[in-house]
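Notes follow the structure.
Naming convention: chains lettered A, B, ... in sequence-line order (proteins, then strands); numbering from 1 in each chain.
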Number of protein chains: 2
Amino acid sequence: MRADARRKYDRIVEAATEVVVEQGTDASLNEVARRAGVGPGTLYRHFPTREDLINAVMTNWVERIQAIAEAAVGSTQPPRGLLLSWFEGVVAHIGEHSGFPARLIAAMDDPQSHLHGKCEVLIAANARVMHRLSADGALRGGADSAEICRLVMGIAVVADEGKLAPPAVHPMLAIVADGLLT
Amino acid sequence: MRADARRKYDRIVEAATEVVVEQGTDASLNEVARRAGVGPGTLYRHFPTREDLINAVMTNWVERIQAIAEAAVGSTQPPRGLLLSWFEGVVAHIGEHSGFPARLIAAMDDPQSHLHGKCEVLIAANARVMHRLSADGALRGGADSAEICRLVMGIAVVADEGKLAPPAVHPMLAIVADGLLT
DNA sequence: ACCTGAACACCGTTCAAGT
DNA sequence: ACCTGAACACCGTTCAAGT
């Protein structure tokens with residue numbers, strides 16, 4: 001990639017991050033191009049699909065979700081508290097950008113999607129937490145990590161769409177936790 | 001309402017039903033007007049907002065959800081099976097029109113929405129089922145009907161967005177059922 | 001090799017003009 | 001009283017023309 005192209009690329013991602021934070025994942029791409037000081041064609045050249053762009057905006061999302069999982073695995077809390085704070089972390093982190101939960105769910109069952117890798121990261125992170133609880137004999141068993149992630153992502157959509165504050169999300173997560181624990 | 005207006009009104013709802021069944025709740029309103037053989041202005045005169053139109057399309061949704069709840073309340077199944085088939089019925093019925101689950105969730109916390117009444121119907125129907133299970137001492141208690149509905153609607157969104165078949169939805173509902181039952 | 005920006009087909013929404 | 005359909009501002013996406 002030529003130096004000037006690289007520069008434009010960076011400006012686009014920068015602008016996209018701004019716009020997505022303000023207006024969510026469904027924001028106008030022309031607006032992004034406008035704010036980046038770039039023609040629409042240039043945006044499409046670098047990011048042929050909207051998911052490509054979102055994927056670029058969410059680059060460090062991966063590390064953060066892994067860090068949250070790590071914290072849960074290393075926690076000394078009792079199982080229920082540990083599971084709940086992990087779930088709360090996931091919902092908060094996924095829901096930080098409005099529209100993102102719904103896109104993640106769609107990407108889950110579509111290996112074509114550029115966001116599919118992010119789903120796999122989440123599933124793996126969740127599996128680590130489940131494994132830790134399983135070692136303590138705290139888990140009922142029988143539930144696949146992908147299923148659990150889908151469920152929690154569904155709650156993230158509810159929180160996003162209904163603009164719910166964390167305390168309003170808690171009761172739903174509590175039901176799920178009770179369903180998973182022995 | 002004048003007779004000719006009434007006729008146009010009916011044709012719009014008819015066309016909207018068709019289009020929503022084919023393309024979901026986000027379908028083009030101009031397309032609806034086109035198919036109804038009506039100017040866009042006429043559509044807006046009868047249905048100032050998109051939710052107004054969807055609400056009209058979903059008129060008999062109410063009776064059907066109540067019938068499903070009735071069937072569950074009168075069932076002789078053991079609690080877990082009863083709860084699961086109620087939930088499955090709800091997810092299937094809500095998810096019949098793509099995009100509808102997400103709209104219902106948004107309407108839940110927005111009393112302004114014309115779809116808000118539909119949410120209340122669902123919450124009431126679910127409360128009846130919960131009451132029946134509670135009488136059998138099968139419920140853990142502590143969960144509000146609205147919370148449970150939100151959770152199930154979240155699963156409906158997951159099913160909708162991920163185009164999941166009923167068997168793929170079952171594991172998530174099972175976790176929720178286990179979380180609610182004693 | 002890369003970018004621009006006009007152009008196209010679409011959408012939601014409004015409102016003067018008609019009957 | 002009710003309807004029409006042209007009109008407006010927007011959007012996603014493409015592609016000839018430029019550097």
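- Nucleic acid contact for Ala27(B): sugar-phosphate only, since backbone atoms but no base atoms lie under 4.0 Å from a heavy atom of the residue.
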Enumerate the protein-to-nucleotides 15-19 of chain C contacts in which both atoms are nitrogen or oxygen and the separation is below 3.5 Å.
none

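- Remark: P of dC2(C) and NZ of Lys8(A) are 13 Å apart, rounded to the nearest angstrom.
- Within the cation-pi definition used here (under 6.0 Å to the ring centroid, within 45° of the axis), Arg103(B) does not qualify as a partner of Phe100(B).
- Between Ser28(A) and dG12(D), a side-chain N or O to OP1/OP2 separation shorter than 4.0 Å is present.
- Proximity of Ile12(A) to Leu53(A): side-chain heavy atoms (C-beta onward) are separated by under 4.5 Å at one or more points.
- To the nearest 0.5 Å, the span separating CD1 on Ile65(A) from CD1 on Ile94(A) amounts to 5.5 Å.
- The environment of CZ in Arg50(B) is crowded: more than 12 heavy-atom neighbours from other residues, nucleotides or ligands sit within 6.0 Å.
- By the neighbour-count criterion of 12 heavy atoms within 6.0 Å, atom CZ of Phe47(B) is densely surrounded, having more than that number from other residues, nucleotides or ligands.
- Just one residue in the list Asp109(B), Asp110(B), Ile105(B) forms a side-chain contact (heavy atoms from CB on, under 4.5 Å) with Glu161(A), and that residue is Ile105(B).
- If you take CZ of Arg7(A) and C1' of dC3(C), they are 12 Å apart, rounded to a whole angstrom.
- For the segment residues 43-55 of chain A, residues with any heavy atom less than 4.0 angstrom from an atom of DNA chain D are, sorted by number, Tyr44(A), Arg50(A).
- Rounded to whole angstrom, the span from the CZ atom of Arg35(B) across to the P atom of dC11(C) amounts to 12 Å.
- Atom CG of Leu29(A) sits about 6.0 Å away from atom CG of Leu43(A), to the nearest 0.5 Å.
- Ring orientation note: the planes of Trp61(A) and His93(A) are close to parallel, at an angle under 30° on the 30°/60° scale.
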Read 5' to 3' with Watson-Crick or G-U pairs under 3.5 Å, [ ] for crossing pairs and | for partners on another strand, DNA chain D gives ||.|||||...|||||.||
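- Shortest non-hydrogen contact noted between Cys149(B) and Asn126(B) is SG-CB, 3.6 Å.
- Counting heavy-atom neighbours within 6.0 Å of His114(B) NE2, excluding the residue itself, gives a total of 12 or less.
- Asn30(B) places its CG atom 17 Å from the P atom of dC10(D), with the value rounded to the nearest Å.
- Taking atom CZ on Arg11(B) and atom C1' on dC2(D), their separation rounds to 15 Å, with Å as the unit.
- Whole-Å rounding puts the Arg34(A) CZ to dG5(C) C1' distance at 13 Å.
- Whole-Å rounding puts the Leu29(A) CG to dG5(C) C1' distance at 17 Å.
- Going from atom CD1 of Ile12(A) over to atom P of dT4(C) covers 9 Å, rounded to whole Å.
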Check your understanding: Arg128(A) and Glu70(A): salt bridge (Lys or Arg N to Asp or Glu O under 4.0 Å), yes or no, with the steps?
Key -> CA-CA 8 Å; Arg128(A) 289 211 55 197; Glu70(A) 224 52 49; 2.7 Å; yes
